[in-house]
Each structure stands twice: as structure tokens, then as C-alpha cells.
Amino acid sequence: ETGVTQTPRHLVMGMTNKKSLKCEQHLGHNAMYWYKQSAKKPLELMFVYSLEERVENNSVPSRFSPECPNSSHLFLHLHTLQPEDSALYLCASSQLRGVGYEQYFGPGTRLTVT
Amino acid sequence: GQQVMQIPQYQHVQEGEDFTTYCNSSTTLSNIQWYKQRPGGHPVFLIQLVKSGEVKKQKRLTFQFGEAKKNSSLHITATQTTDVGTYFCAGGGSNYKLTFGKGTLLTVNP
């Protein structure tokens, strides 16, 4: 499946580093999402962008900074992370239209903070 | 806020046995979606239910949405090793937001 791509697939960073995660969707969707998936926890919604406007910021620490330059691209800028931020970060997109808005996920970035 | 509870957390079955996972929401949902995540993979959309009491089938998978639109179930008949993975329900409230359950990890012994 190549509808939603994410890079890098794996990332190891120190607590003082700055890095960015990239997501691109090729489905023509109008909404994009960042989720955090940790062991033994539900998928946690972090940010939602609808038509390039941020519509949801789920009490995410400021060390995570999203950017959505256009409807196809989504970034997550990371700085001064903590070890508990280690997780799988998933990007998703959907086409908002009435009730039907199934989400298409990318393969994720496995992040390890040392 | 909206909470979605899913049980069981784990289920191990012998190949050929049936499997069911249940989902309950603290609030009435506009729709419910089900996703499957294979080990090492990412969630993949399976189906969406919208109507009260709706039942949908996909081959050996049967999905139900409760009359009150607060609960749902996924039933797999005669499991196969290819069914292994984590099954998530996700409740739809507002237009863009889904609340995911913790998922049920299904393992199948051949």
C-alpha cells in the first residue's frame, strides 16, 4: 500500500536533538492526523488538520510541533523529547464527507528516544 | 470525554475456533469503525457501521452495531492463521475525530 507514506521508518534520537517526521498522502484526502501508539495504550490522537487548518490539538506537549504546508503533506517536528516519547508515530488521512471518513494509515515511524 | 472500552485485551484460539471482540462507548456514537493491525504493521480499515442495529458481513467476519449505537462487536467464524493481529474498534463522534479502543490481540494456534 502506498497511499500514505512516512519517513523515516525508524528514528533514534537523543533528548537534545531536533528531528522531523514526514508524512505524505497520495489519496486526495482533505484531512490528516498524527497518532501516537505506545504499548498497552489505545491509539492516541495528537493532531488533526482539516483543509490545512489545525482543528485538534489533544493536549500534546509543546516539544511536538506539527506543520501542514498543504493538503498532501504533514510534518511532526520534534525537539527535546523525553524517553517516554518513544513510540510508534502514525500518520493517517481521510476524506471528510458526512459520516463516512475511514482513515488510511501510513506505516509509521518507530521512534526511540535515548 | 468520549471513552471506548474494548474486551478482551487478548484472545488465543485454536485454528478453526470462533472469536469475538466487544466494544462499548461511554456516549452515543455517530458511527463505529473497525481496523486490523498485523504484527509489525499499521492499522488497516475493515468496515464502518452507521445505522442502529446494523449488521455487516465480510466473508467470515460479522460486524454488529448496537441498537443504542453505544456498542459493537466483531465475530470471526472458523479462525485461520491469517486472522492473527490486533483488532481495534473506533467510535466516531464529531466529523473528523475517532476514539480508538485499546484493541484485542488475536493469536491463532495452527
Side-chain angles (χ1 to χ4, degrees), chain A residues 1-6 9-10 21 23 25 27 29-59 68 71 74 87-110, chain B residues 1-10 21-26 28-52 54 56 58 63 65 69 72 74 85-105:
Chain A
E1 298 174 14
T2 57
V4 181
T5 58
Q6 289 186 244
R9 296 293 305 276
H10 301 272
L21 309 184
C23 175
Q25 59 99 358
L27 301 168
H29 288 165
N30 58 13
M32 296 186 77
Y33 309 74
W34 279 117
Y35 286 91
K36 177 183 178 183
Q37 187 174 40
S38 307
K40 300 183 180 179
K41 285 188 176 181
L43 274 165
E44 299 173 61
L45 178 64
M46 300 175 73
F47 302 104
V48 181
Y49 277 83
S50 174
L51 299 173
E52 300 156 43
E53 180 183 343
R54 191 193 309 181
V55 295
E56 183 84 16
N57 179 349
N58 233 11
S59 303
C68 187
S71 60
L74 185 65
L88 181 67
Y89 288 85
L90 291 159
C91 172
S93 71
S94 67
Q95 181 65 21
L96 301 182
R97 55 179 192 285
V99 180
Y101 46 88
E102 62 266 27
Q103 297 190 3
Y104 292 81
F105 285 83
T109 296
R110 174 69 62 184
Chain B
Q2 182 180 83
Q3 292 188 3
V4 173
M5 307 300 292
Q6 194 173 350
I7 57 169
Q9 197 171 350
Y10 306 97
T21 174
Y22 301 91
C23 194
N24 281 285
S25 169
S26 57
T28 302
L29 301 169
S30 63
N31 69 89
I32 194 146
Q33 299 180 20
W34 286 90
Y35 292 79
K36 177 183 179 181
Q37 185 172 18
R38 287 198 163 94
H42 57 274
V44 175
F45 174 79
L46 293 176
I47 208 161
Q48 175 178 266
L49 304 170
V50 177
K51 299 176 184 175
S52 169
E54 189 170 13
K56 286 188 176 180
Q58 287 180 350
F63 304 84
F65 200 10
K69 298 183 75 172
S72 181
L74 158 59
T86 300
Y87 292 84
F88 294 95
C89 62
S94 61
N95 187 34
Y96 55 81
K97 188 172 176 179
L98 290 177
T99 302
F100 281 81
K102 281 190 175 182
T104 297
L105 172 60

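Naming convention: chains lettered A, B, ... in sequence-line order (proteins, then strands); numbering from 1 in each chain.
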Checklist entry - So do A:Val48 and B:Lys97 actually touch side chain to side chain, heavy atoms under 4.5 Å? => result no

Checklist entry - Do you know the tightest heavy-atom contact between B:Gly101 and A:Pro42? => result O-CB, 3.9 Å

Next on the checklist: Only pairs of heavy atoms separated by less than 4.5 Å count here; which of A:Glu44, A:Gln37, A:Lys41, A:Gln103 has the most with chain B?
Outcome noted: A:Gln103

Checklist entry - Would one find more than 12 heavy atoms of other residues, nucleotides or ligands at under 6.0 Å from atom CZ of B:Phe45? => result yes

Next on the checklist: Does any backbone or side-chain atom of A:Leu43 lie under 4.5 Å from a heavy atom of chain B? Answer side chain, backbone, both or neither.
Outcome noted: both

Checklist entry - Under a 4.5 Å heavy-atom cut-off, does chain B meet the side chain of A:Tyr104, its backbone, both or neither? => result neither

Checklist entry - Can you say whether B:Gln6 sits under 4.5 Å from chain A via the side chain, the backbone, both, or neither, judging by heavy atoms? => result neither

Next on the checklist: Can you classify the ring geometry of B:Tyr35 versus A:Phe105 as parallel (below 30°), tilted (30 to 60°) or perpendicular (above 60°)?
Outcome noted: perpendicular

Checklist entry - Judged by atom type as modelled, is there a donor-acceptor pair below 3.5 Å linking the side chain of A:Tyr101 to the main-chain atoms of B:Gly92? => result no

Checklist entry - Is it true that atom CD of B:Gln3 has more than 12 heavy atoms of other residues, nucleotides or ligands lying nearer than 6.0 Å? => result no

